[in-house]
Amino acid sequence: MKLSPIDVYRDILPKTNCRDCGELTCLAFAVKVVSENFPLSKCPHISKDSIEKYEKILKEQHSKGIFAKKDPAKEALIWAKQRAASTDLMDLPQRIGGVIVDYNGQRALKLPYFNSYVYITENGIFSELGELEHYEQVFLYNHIAQGGKKDPTGKFVPFHELPNTVSKIKSLEKHIKRPLENTFKRKVQELKTRALNIGALDLSSDYPTADLALLFKPLPKVPVLLLFWDEEKGEEEMPAQVNILFDETIIDHLDIESILFLLEKLVNLLTSE
Ligand code: SF4
């Protein structure tokens, strides 16, 4: 027996849309129960017997991925791992930086990652700061697989000058630039403090037209330059503005999707409490 969101809505829920579960409607709740393994018991208006009966079925179908919400990063991770599978660990220090060390009894590449390290082994990638998110592992595996050897030249270019970025520009604006602009407008000092805490260098004196210029080194061969202009009030009103520049060699080290994932990590580090 399988339970779709419609089955849950039609056969199990009271259909009163009372919102006691925190969802706007019973149907929205049903979708979450089926696709995200949300506990049926969060609806206080279902009998214990029904919860027991249907939770079992829902748990089993979720473990098999039936009607489960797709995690694009998880799928990309499978692909990225396959891409990196044939890479020789011993080649990596020369290509992407880091050093070979012993990590819990196995050979690993200890790679600087923002202000900490990740350990790349044949069994996975591990962080000093806890479990890595799927999307982080995606860009790390793609970095390993990309095969680039070039050192950064110090010549920075905007995203749209990288090849095949046209379809990704909106995504960069929406998911990377806007959240930073909204979070740090009138908070330049806070942006600077947070950036320095994750290992950035303040290069503002080299970029006098910006209110803040920050050089991040998320990975040894992948520098990222963030320029920030604060909002201006008065006659010449201007919203806050972010520009992100990349070393011209970045596509030797990361594909475009991975560049966006890496920036997403940067935004998370800067904006999370
Ligand atoms: S608490 Fe139950 S009845 Fe109320 S909206 Fe949520 S699912 Fe529907």
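We number each residue from 1, following the sequence as shown. We count ligands from 1, going down the list as the structure has it; atoms in each ligand are counted the same way.
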> Close to atom 8 (Fe) of ligand 1, meaning under 2.8 Å, how many protein N, O or S atoms are there?
Replying inline: 1
>> Against the six-membered ring of Tyr54, is Lys56 placed for a cation-pi contact (under 6.0 Å from the centre, within 45° of the normal)?
In response: no
> Is Gly22 in contact with ligand 1, taking contact as a heavy-atom separation below 4.0 Å?
Replying inline: no
> Would you say Lys53 has more than 12 foreign heavy atoms packed within less than 6.0 Å of its NZ?
Replying inline: no
> Hey, does the Lys NZ or Arg CZ of Lys168 hover above the aromatic six-ring of Phe159, less than 6.0 Å from the centre and inside 45° of the axis?
Replying inline: no
> Under 4.0 Å between a Lys/Arg side-chain N and an Asp/Glu carboxylate O for Glu173 and Lys177?
Replying inline: yes
> So, Ser204 versus Asp202: side-chain donor-acceptor pair below 3.5 Å or not?
Replying inline: yes
> Considering only heavy atoms of Pro44, which atoms of ligand 1 have at least one such atom less than 4.0 Å away?
Replying inline: 1 (S)
>> Taking ring pair (Phe, Tyr, Trp, His ring centres under 6.0 Å) as the definition, give me every residue that meets it alongside Tyr103, ordered by chain and number, with sequence neighbours left out.
In response: Tyr119, Phe126
> Does Ala30 approach ligand 1 within less than 4.0 angstrom via side chain, backbone, both or neither, non-hydrogen atoms only?
Replying inline: neither
>> Quick test of your reading of the model: are Arg19 and Glu23 salt-bridged, counting only N-O distances below 4.0 Å?
In response: no
